[in-house]
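One structure below.
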Amino acid sequence: MKALLSLGILCVVAVIALSGCVPATSTLWDDYRLYPNHKAYAIGNNEKAGAAWGQKTPKEAIHLALNYCKTSGGINCRVIDINNSPHKQQHRVNNEEKTMVSAATGFFVSEQTLVTAYHAISFSNNDKGVPPPCDSLAIRHGQSTFDAELVGADALNDIALLKTTGVKHNIAQLREDLRPQKGEPIMAFGYPFSSLLSDEAKITDGIINSTSGYYNDTRLLQISAPVQPGNSGGPLIDKSGAVAGIVLQSLSPAYTSYSSGEITIPQNVNFAIKSSLLIDFLIQFNISYELQNNSNTYTPIDIASEAGKYTAKVICYQEL
């Protein structure tokens, strides 16, 4: 361990022990906290973890921790602790101080109800000794932060339903034509790398590469619009301004190598859940929604302006 420390690098661990490495994710979490200099701890929603310490800057520690998590096969890896202190963004929830540990994206489908990706707010590793990312939720929209609660979920299709109180919000219009076309232009809107980049939402553009996802999963769209950690749960928008899906994740290079046997890095391979699944989900939970039925084409400037009215940052908090 000391030899690894002197190099500023810690080997990655999953749930099982690796030769010469710490034996469990929980041990990695405990050991990580002990070392000096800049350090970061990252974990993916499939329980893969990575940590780095002894770096010259926090940015270098974050980069290495994310890289170790991803190269071990992590999916949607995110930094949940920096220098033994989770992201220093605090919020009072139910009269208790909370600290932000991760962020995703969501969008309103009714005035006080929004959807996001289920994996972005619920990890399955609570029995591994690693703190869960969310013991409370909040929504950041514009300059205001609102408490939120999980009121419905479809873990299989990776959709979660959150409810807020107080202010009424603008609503996204969902795509009426549920037949996405290969080659169709689309845009992703959300809050990637919210702890590193600016606070405003970002827009990226691309096309629908395929109307099915990995292993021919017909629930998914493969898209070329770049997405990053933090985009999960955000709207995938077509040229008419309608929401055509929910952004989920990028294809992990480590997972690609493991599955295909090829040592290669996938080039901008990203996925979104189709809006038809979202509509079925909303019907199941008796949530009203609006459909976009016009055939107009809007510029990315117009689409970004409109998306900003109904898209919000979803924040996970832990007790201090």
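Scored by the side chain to side chain contact (heavy atoms under 4.5 Å, CB included) test, Gln222 finds Asn209, Ser210, Val269, Phe271 as partners (sequence neighbours excluded). Evaluation of the side chain to side chain contact (heavy atoms under 4.5 Å, CB included) rule for Ile301 yields Thr299 as partners, not counting sequence neighbours. For His141, the ring pair (Phe, Tyr, Trp, His ring centres under 6.0 Å) partners two or more places apart in sequence, or in a different chain, are Phe108, His169. Here Leu291 pairs with Leu174, Glu176, Ile279, Tyr289 under the side chain to side chain contact (heavy atoms under 4.5 Å, CB included) rule; sequence neighbours left out. Legend: residues meeting side chain to side chain contact (heavy atoms under 4.5 Å, CB included) with Ala160, ordered by chain and number and at least two apart, are Thr116, Tyr118, Ile121, Leu150. When the ring pair (Phe, Tyr, Trp, His ring centres under 6.0 Å) test is applied to Tyr298, no partner is found at least two apart in sequence or on another chain.
At least one donor-acceptor pair closer than 3.5 Å links the side chain of Asn268 to the backbone N or O of Ser224. Between the side chain of Asp154 and the main chain of Asp158, no donor-acceptor pair closer than 3.5 Å is present. No donor-acceptor distance shorter than 3.5 angstrom exists from the side chain of Lys274 to the backbone of Ala272, with no hydrogens or angles considered. In this structure a side-chain-to-backbone donor-acceptor pair under 3.5 Å is present from Thr204 to Pro226. Judged by distance alone, with hydrogens and angles left aside, the side-chain atoms of Gln112 form no donor-acceptor pair with the main-chain N or O of Ser110 at under 3.5 Å. Looking only at distances, a side-chain donor or acceptor of Thr105 sits under 3.5 Å from a matching main-chain atom of Tyr191.
Note on Val247: it does not cluster hydrophobically with Leu277, by side-chain heavy-atom contacts below 4.5 Å among ILVMFWY residues.
A donor-acceptor contact closer than 3.5 angstrom is absent between the side chains of Arg175 and Ser275. A side-chain N or O of Gln173 and one of Gln292 form a donor-acceptor pair less than 3.5 Å apart.
You'll find the side chain of Leu236 stays beyond 4.5 Å of the side chain of Val243, heavy atoms only.
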